[in-house]
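All values reported here derive from a predicted model rather than from experimental measurement.
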Amino acid sequence: MTLDASAVASGLLSTVPFARTLGIDITSVTADADGVRAVAVLPDAPEVHNHVGGPHAGAVYSLGETASGAVVLAAFGGELHRVTPLAVRGGIAYKKLALGPVTATAVLGRPVAEVLGELEAGSRPEFDVSVTIANAEGVTTAEMTITWTLRPNR
């Protein structure tokens, strides 16, 4: 699969103003034999801090969802003429206090062809994107899963 990572990043950030408001930067999007992966960074900024000086839980969640959205756009962007990707469920486990910038690494949980096969068969597929959020030292501070669907356009 040929992938223009900068187009995925700019496409997502142009359609999701809240991610831009938080200052999220999508630094990497890859699609290869190992799957589809995206990396996004939330900078250390006082406007997104909580009462203990780290990024607010809502900002961390938004970072993870944004990274998962980049994965979905990279994997299924060629289908936007016929489907709309929607997040349908999400869960997060905060593991450790995050201080400083945090990085979210999102990975598609199923093969793209499998999801598209379900769509072709007439069902509305659901698929998970797993996200690991880490501090600047690489320590995992949160883990999350966002479940997405591809809703057929009418």
Using 0.5 Å steps for rounding, measure from the [atom1] atom of [X] to the [atom2] atom of [Y].
{"X": "Leu73", "Y": "Thr66", "atom1": "CG", "atom2": "OG1", "result": "12.0 Å"}
{"X": "Asp34", "Y": "Leu108", "atom1": "CG", "atom2": "CG", "result": "12.5 Å"}
{"X": "Ser68", "Y": "Met144", "atom1": "OG", "atom2": "CE", "result": "6.5 Å"}
{"X": "Leu119", "Y": "Glu79", "atom1": "CG", "atom2": "CD", "result": "7.0 Å"}
{"X": "Leu99", "Y": "Asn135", "atom1": "CG", "atom2": "CG", "result": "8.0 Å"}
{"X": "Thr141", "Y": "Lys95", "atom1": "OG1", "atom2": "NZ", "result": "10.5 Å"}

Are Phe127 and Phe76 an aromatic pair, judged by ring center distance below 6.0 Å?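 Here the rings of Phe127 and Phe76 have centres that are less than 6.0 Å from each other.
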
Kindly determine whether Arg110 and Glu118 satisfy salt bridge (charged side-chain N to carboxylate O under 4.0 Å, His left out), including the steps that lead there. CA-CA 12 Å; Arg110 293 175 54 199; Glu118 287 181 19; 2.4 Å; yes

Trace of the side-chain hydrogen bond (donor to acceptor under 3.5 Å, both in side chains) decision for His49 with Asp44: CA-CA 8 Å; His49 283 178; Asp44 185 24; 2.6 Å; yes

Quick check: closest heavy atoms across [X] and [Y], and the distance to 0.1 Å?
{"X": "Pro55", "Y": "Gly100", "value": "CD-O, 4.2 Å"}
{"X": "Val48", "Y": "Ala59", "value": "CB-CB, 4.2 Å"}
{"X": "Leu22", "Y": "Ser62", "value": "CD1-CB, 3.5 Å"}

Short side-chain donor-acceptor distance under 3.5 Å, Thr30 and Arg37: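 Arg37 vs Thr30: no donor-acceptor pair found between side chains.
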
Strictly by modelled atom types, are Thr84 and Asn153 linked by a side-chain donor-acceptor pair under 3.5 Å?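 Yes, because at least one side-chain N or O of Thr84 sits under 3.5 Å from a partner of the opposite role on Asn153.
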
For residues Ile146 and Val112: do they belong to one hydrophobic cluster (side chain heavy atoms under 4.5 Å, members Ile, Leu, Val, Met, Phe, Trp, Tyr)?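 They do share one cluster, since a chain of ILVMFWY contacts under 4.5 Å joins Ile146 to Val112.
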
